[in-house]
Novice: 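Got a structure here, written out as structure tokens. Questions coming.
Throughout, a chain's letter reflects where its sequence line sits, starting with A, and its residues are numbered from 1.
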There are 2 protein chains.
Amino acid sequence: MKPTIRDVARMAEVSISTVSRVMNAPETVVPSKRNRVIEAIKELKYQPNAFARGLIYKKSNTLGLLIPDIENLYFAGVIRGMQDACIKLGYSLMICNTDRDMERTLSYIDTFHEKQVDGIVFASDMLYPEYYEKLTGFRIPFVLVSSHSDEYEVPSVEVDDELAAYDAVKFLIELGHKEIGMIGFNHDNSVSGPPRAAGFVRALTEFGLERNTGRIKYANHRFEHAYQAAHELFSEYPELSAVFCVADEFAMGTISYLKDRNILVPGQVSVIGFDNLRMSGMFIPKLTTIAQPIYQLGYRAAEKLHELLTTGNVAVMKEQMEHKLIVRESSREK
Amino acid sequence: MKPTIRDVARMAEVSISTVSRVMNAPETVVPSKRNRVIEAIKELKYQPNAFARGLIYKKSNTLGLLIPDIENLYFAGVIRGMQDACIKLGYSLMICNTDRDMERTLSYIDTFHEKQVDGIVFASDMLYPEYYEKLTGFRIPFVLVSSHSDEYEVPSVEVDDELAAYDAVKFLIELGHKEIGMIGFNHDNSVSGPPRAAGFVRALTEFGLERNTGRIKYANHRFEHAYQAAHELFSEYPELSAVFCVADEFAMGTISYLKDRNILVPGQVSVIGFDNLRMSGMFIPKLTTIAQPIYQLGYRAAEKLHELLTTGNVAVMKEQMEHKLIVRESSREK
DNA sequence: TCCTTTTTAGAAAAGCTTTTCAAAGCGATT
DNA sequence: AATCGCTTTGAAAAGCTTTTCTAAAAAGGA
């Protein structure tokens, strides 16, 4: 049986109140007893029961994290950042992989509520009304990471997707490319899809390359879909000399396709990605990409949630972090 | 304030016992009242308090998972499998990233104990005596995944590392390669390191290629280290025509190095990896590798832990799952 | 109609900790 | 020596749910 505070009290020959005090306000108990208690705790390997504490404090010191796809390296980075922040702030972390499935997500929210997580970080997926209603119905505080909400007032941390995409495409244009395509996220279930497409269009327009704005194919988060999308893109526009991919995984898919077609990257076609995954520097060729501060995004999201939890509010509702262009080997001057 | 069972009782005009019964043994309460209670629960969005329940049942229905490195795709797959199993079995999952840091690992075990997880899956890292002592001292049941223990009697699920490595090297030999090197895990903090090296040696010996057995360099889990190790390996043995890498990430590092040296893979050198990560099929060239059933390993580990928790024992202590050779593009006949 | 059995419902205890409140102990001051 | 004030300690309540035990009500039988 797990030892309880009673067992410690009995062994140290004091009352349970004294034991509790030794743990929570040691200076209020005389050293002789205090030491006896400490001894007993060590001896019994006593650890207070989190259920009993939770009942009193009405807090679990646990945060929930909802992730669409844990096999996506992007989220692995977010998790790491968030977990480090949690250690600093004294939270445990409960991670759930939703697979972008609504039913599953809803059920995880139920679980989080039942387990009394103090708050939730909701990553990257669309904040559907169903989620919002449930979360607010349960009065669970939450923040969005790599996402935001136009409809609701929800704190969020992300990158400026429109500007980042603009920078990527501008880079391609300044390299001398005039025939540029894009592999984007499907708009209907993606929050970063539309702004990245907007950045693509804005850059083209500003530089008088409007004729490219329709050269977009969409893919569904994974390599294979991007491979397929690249196939469609190049079948339709074989003249392309550069492609903007809204995710590094898409860039890899695109390059794979090009490789299978014996088209050289960056010799014949330049490809720029987005995210700067850990893998991106390992790929052959190493990916030119827009780096997101992935780790920091996760770290900051946890801090923001903590702020919300402790002060009941956040200083700035929609927060944006800096992106950065990283030039490696998958792009070249035209 | 979160509604409690009292609030429901008041609204439905019954006692709290009745409310509890509606949730746990509905057939024992008369339909008229039962419906009133159900109504009230819905109306108030009531959910029972997990702390209070935990106090009674002495169970959290939560499993802990200790992972060395969440940014390693291998573990992402394990997590997914484990989480799916957890859903099936009715557990929540608490994931902690140890970074292979002993202090951190120990502190996570404390947290798990305090949070009263029902059991722990310990992934891939060495089961140091410190861990074992702590875990057994707390009486927390646990199983090992992608790992095992020679010293202690601990249930485990993994692949037959020695045989898998043997199969990989045998494949290389049957391709006609006679000058073979290996990039392995450092032995001092790795459980799969030694058996994989043993498999390498056994295959060479069986085919009369003993002269190769010393051609091993070690790396430390990550791409960059493998790149460096490949550098050392080829500086010392430039005659090598094939390399066995004990991880796909090592294979990528090795291929990157060879690429930088303008050595063609598989044209001049064949490389075989280990794991079959999701990325391995995206790499250029696509990796020939020994596939581990990663998802199933995680799934099975959770099932095994469940078995341990419910029956107090486990049918087979050390379980091995099947590996499989997957031939893709990074290997070629000599 | 009365008694026995079964069904249904409520009161109270238990699970473990923290915290409040009251009491006891002690030293110091007059 | 008596009182005051501070420190230290223990008893008890509270937090929320489940479960046991008891009582009341309903149903069934004679």
Side-chain angles (χ1 to χ4, degrees), chain A residues 1-38 40-41 44-62 90 110-111 113-118 138-139, chain B residues 1-38 40-41 44-62 90 110-111 113-118 138-139:
Chain A
M1 238 14 274
K2 264 198 76 170
T4 75
I5 200 171
R6 305 208 92 76
D7 302 315
V8 177
R10 198 171 311 131
M11 173 172 280
E13 300 181 301
V14 296
S15 74
I16 60 169
S17 325
T18 302
V19 177
S20 176
R21 267 186 285 260
V22 169
M23 295 186 298
N24 299 296
E27 68 285 357
T28 67
V29 10
V30 293
S32 65
K33 292 197 184 191
R34 193 195 308 163
N35 290 333
R36 276 189 356 240
V37 171
I38 291 172
I41 288 177
L44 293 170
K45 294 184 206 289
Y46 168 74
Q47 269 224 321
N49 182 316
F51 296 137
R53 302 186 103 171
L55 212 43
I56 291 169
Y57 292 133
K58 298 172 186 314
K59 276 184 48 184
S60 60
N61 289 312
T62 300
D110 280 335
T111 307
H113 180 236
E114 193 200 323
K115 294 269 155 82
Q116 322 259 335
V117 300
D118 298 336
F138 284 156
R139 294 158 198 269
Chain B
M1 242 7 278
K2 265 199 76 172
T4 74
I5 201 172
R6 303 208 94 74
D7 301 316
V8 177
R10 199 171 312 132
M11 174 174 279
E13 299 181 302
V14 296
S15 75
I16 59 170
S17 326
T18 303
V19 177
S20 177
R21 267 187 285 259
V22 169
M23 296 185 298
N24 299 296
E27 67 285 358
T28 67
V29 13
V30 100
S32 65
K33 292 197 184 189
R34 192 196 309 162
N35 290 332
R36 276 188 357 241
V37 170
I38 291 172
I41 287 177
L44 294 168
K45 293 183 206 291
Y46 168 76
Q47 270 225 320
N49 182 319
F51 296 136
R53 305 186 101 173
L55 213 43
I56 291 169
Y57 293 132
K58 297 171 188 315
K59 277 185 48 185
S60 59
N61 289 313
T62 301
D110 280 335
T111 307
H113 180 235
E114 193 200 322
K115 295 269 155 83
Q116 322 259 335
V117 300
D118 298 335
F138 284 157
R139 297 156 195 268

Novice: Using a 4.0 Å heavy-atom cut-off, write out nucleotides 22-28 of chain C from 5' to 3' as B (base contacted by protein), S (sugar-phosphate only) or - (no contact).
Specialist: -------
Novice: Check whether any side-chain N or O of B:Asn35 sits under 3.5 Å from a backbone N or O of B:Ser32 as a donor-acceptor pair, and report yes or no.
Specialist: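 Side chain of B:Asn35 to backbone of B:Ser32, a donor-acceptor pair under 3.5 Å: no, none is there.
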Novice: Report yes if the side chains of A:Val19 and A:Val14 come closer than 4.5 Å at any heavy-atom pair, otherwise no.
Specialist: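 In contact.
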Novice: Look only at the side chain of A:Arg36 and the backbone of A:Glu13, and say whether a donor-acceptor pair between them is shorter than 3.5 Å.
Specialist: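 Checking the backbone N and O of A:Glu13 against the side chain of A:Arg36, a donor-acceptor pair under 3.5 Å is found.
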Novice: Would you call A:Ile5 and A:Pro48 a side-chain contact if the rule is heavy atoms closer than 4.5 Å?
Specialist: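 The answer is no, as the side chains (C-beta and beyond) never meet within the 4.5 Å cut-off.
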Novice: Run the numbers on B:Thr18 and B:Ser15 for side-chain hydrogen bond (donor to acceptor under 3.5 Å, both in side chains), then give the verdict.
Specialist: CA-CA 5 Å; B:Thr18 303; B:Ser15 75; 3.2 Å; yes
Novice: Between A:Asp118 and A:Asn61 (side chain of the first, backbone of the second, donor and acceptor by atom type, cut-off under 3.5 Å), is there such a pair?
Specialist: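 Between the backbone of A:Asn61 and the side chain of A:Asp118 there is a qualifying donor-acceptor contact (under 3.5 Å).
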Novice: Measure across B:Tyr46 and B:Asn49 and return the closest heavy-atom pair with its distance rounded to 0.1 Å.
Specialist: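 Shortest heavy-atom contact: OH-N, 4.5 Å.
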Novice: Using only heavy-atom distances, determine whether the side chains of B:Lys115 and B:Ser60 contain a donor-acceptor pair under 3.5 Å.
Specialist: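 Checked: B:Lys115/B:Ser60 side chains show no N/O donor-acceptor pair below 3.5 Å.
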Novice: Counting distance only, does the side-chain N/O of A:Arg21 pair as donor-acceptor with the main-chain N or O of A:Thr28 below 3.5 Å?
Specialist: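 Such a contact is absent between A:Arg21 side chain and A:Thr28 backbone.
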Novice: Compute the bend angle of the helix from C:dT1-D:dA30 to C:dT30-D:dA1 from the end axes (five pairs per end), rounded to 10°.
Specialist: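 Between the first-five-pair axis and the last-five-pair axis there is 60°.
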Novice: To the closest 0.5 Å, what do you measure between CD (A:Gln116) and NZ (A:Lys59)?
Specialist: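 One gets 13.0 Å once the value is rounded to the nearest 0.5 Å.
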Novice: Where along nucleotides 9-24 of chain D does protein come under 4.0 Å, by heavy atom, of base (B) or sugar-phosphate alone (S), with - for untouched nucleotides?
Specialist: BBBB--BBBBBB----
